[in-house]
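Take a look at the structure below.
Values reported hereafter were calculated over all heavy atoms of this structure, with side chains retained and with hydrogens, waters and symmetry mates removed. Predicted model, so just to flag it, every value in this text is computed and none were measured.
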Amino acid sequence: MIQPGQIYLAMNAQLGKATYRRPCLVLRIYSTGAVVGYLSTKLDLMEYGDLLLNELDLDFRTTGLDKTSYLMADRDIPVEMDFFDGAKLLGHVSGEMKKRVEGWWGEPLL
C-alpha cells in the first residue's frame with residue numbers, strides 16, 4: 001500500500017520535457033491519487049528552497065537512495081495512482097529526516 005513518506009523509483013516521471021526513471025517521495029495520498037516530490041542527485045542544479053537529503057545523515061539509510069539527493073521545491077506533482085504501476089519501492093524517510101521533510105513540506109506525512 002502506497003503511503004506518505006515512502007520513496008519510489010517511478011518509471012515515467014515527467015519533469016519539464018524529460019520523462020524518465022526518477023525517485024520520488026510520496027507527500028500526500030488522496031482516494032484517486034497522490035502528491036509526490038521529485039528527487040535529484042544533480043546538486044549543481046539545486047535551487048533555493050530545495051531540501052537536501054544528505055547521505056551522511058543517520059536516517060539516510062532508510063531512504064533506499066544511493067547518494068545524497070534533494071527534494072525539488074515547487075515541484076509537488078499531483079499524480080494518479082497508476083503513476084505507481086511498475087514503480088519500485090526504495091525506502092522511506094524516517095526520524096529527524098522525516099521531521100525536516102515535514103517542516104519543508106509544511107504538514108505531517110501521515
Taking a hydrophobic cluster as the set of Ile, Leu, Val, Met, Phe, Trp and Tyr residues connected by side-chain heavy atoms closer than 4.5 Å, whether directly or through intermediates, do L65 and L27 fall within one such cluster? yes
Would a 4.5 Å heavy-atom cut-off, applied to side chains only, mark V26 and Y8 as touching? yes
Can E96 and K99 be said to form a salt bridge (charged side-chain N to carboxylate O under 4.0 Å, His left out), step by step? CA-CA 5 Å; E96 291 300 315; K99 289 178 185 176; 3.4 Å; yes
Are M46 and W105 in one and the same hydrophobic cluster, where Ile, Leu, Val, Met, Phe, Trp and Tyr link if side-chain heavy atoms are under 4.5 Å apart? no
Rounded to the nearest 0.5 Å, what separates atom CG in L9 from atom CG in L90? 5.5 Å
Here the gap from L56 atom CG to T68 atom OG1, rounded to the nearest 0.5 Å, amounts to 6.0 Å
For the residue pair T41 and S69, establish whether any side-chain heavy-atom pair is separated by less than 4.5 Å. yes
Evaluate the criterion side-chain contact (heavy atoms from CB on, under 4.5 Å) for residue pair Y38 and L71; output intermediate values, then yes/no. CA-CA 6 Å; Y38 288 148; L71 272 164; over 6 Å; no
Full working for salt bridge (charged side-chain N to carboxylate O under 4.0 Å, His left out) between E55 and R61: CA-CA 8 Å; E55 63 190 275; R61 60 183 162 65; over 6 Å; no
With a 4.5 Å cut-off on side-chain heavy-atom distances among I, L, V, M, F, W and Y, is there a chain of contacts connecting L43 to V101? no
Should we count CG of D82 as having more than 12 external heavy atoms under 6.0 Å? yes
Check for me, please, whether M81 and V35 land in the same ILVMFWY cluster - side-chain distances under 4.5 Å, paths through other members count. no
Looking at L25 and L39, what are the two nearest heavy atoms and their distance? N-CD1, 4.0 Å
State plainly whether one hydrophobic cluster holds both L53 and W104, where clusters connect Ile, Leu, Val, Met, Phe, Trp and Tyr through side-chain heavy atoms under 4.5 angstrom apart. yes
Would you give the length of the straight line joining atom CE of M97 to atom OG1 of T62, rounded to the nearest 0.5 angstrom? 7.0 Å
Does L45 CG have over 12 foreign heavy atoms under 6.0 Å away? yes
Heavy-atom closest pair (F83 atom, A10 atom, distance to 0.1 Å) is CZ-CB, 3.4 Å
CZ of F60 to NZ of K67, rounded to nearest 0.5 Å, is 10.0 Å
Between L89 and I7, the two heavy atoms sitting closest are CD1-O, 3.5 Å
Crowded around N12 CG? As in, over 12 foreign heavy atoms under 6.0 Å? no
Determine whether V79 and F84 make a side-chain contact, defined as any pair of heavy atoms from C-beta on separated by less than 4.5 Å. yes
Heavy-atom pair with the smallest gap, counting every atom of P108 and E102: CA-OE2, 3.6 Å
Output, in order, the C-alpha distance, side-chain angles, deciding distance and verdict of side-chain contact (heavy atoms from CB on, under 4.5 Å) for H92 and K98. CA-CA 9 Å; H92 63 279; K98 181 180 178 191; over 6 Å; no
Just so I know, are the side chains of V93 and D59 near enough to count as touching, which here means a heavy-atom distance under 4.5 Å? no
Output the distance between atom CG (D57) and atom CG (L52), rounded to the nearest 0.5 Å. 7.5 Å
Ignoring hydrogens, what is the shortest heavy-atom contact between R100 and L51? Give both atom names and the distance. NH1-CD1, 3.7 Å
Can you check whether D76 reaches V36 side chain to side chain, under 4.5 Å on heavy atoms? no
Non-hydrogen atoms of M72 and S40 that approach each other most closely: CE-CB, 3.4 Å
Rounded to the nearest 0.5 Å, how far does CG of D85 lie from CE of M11? 11.0 Å
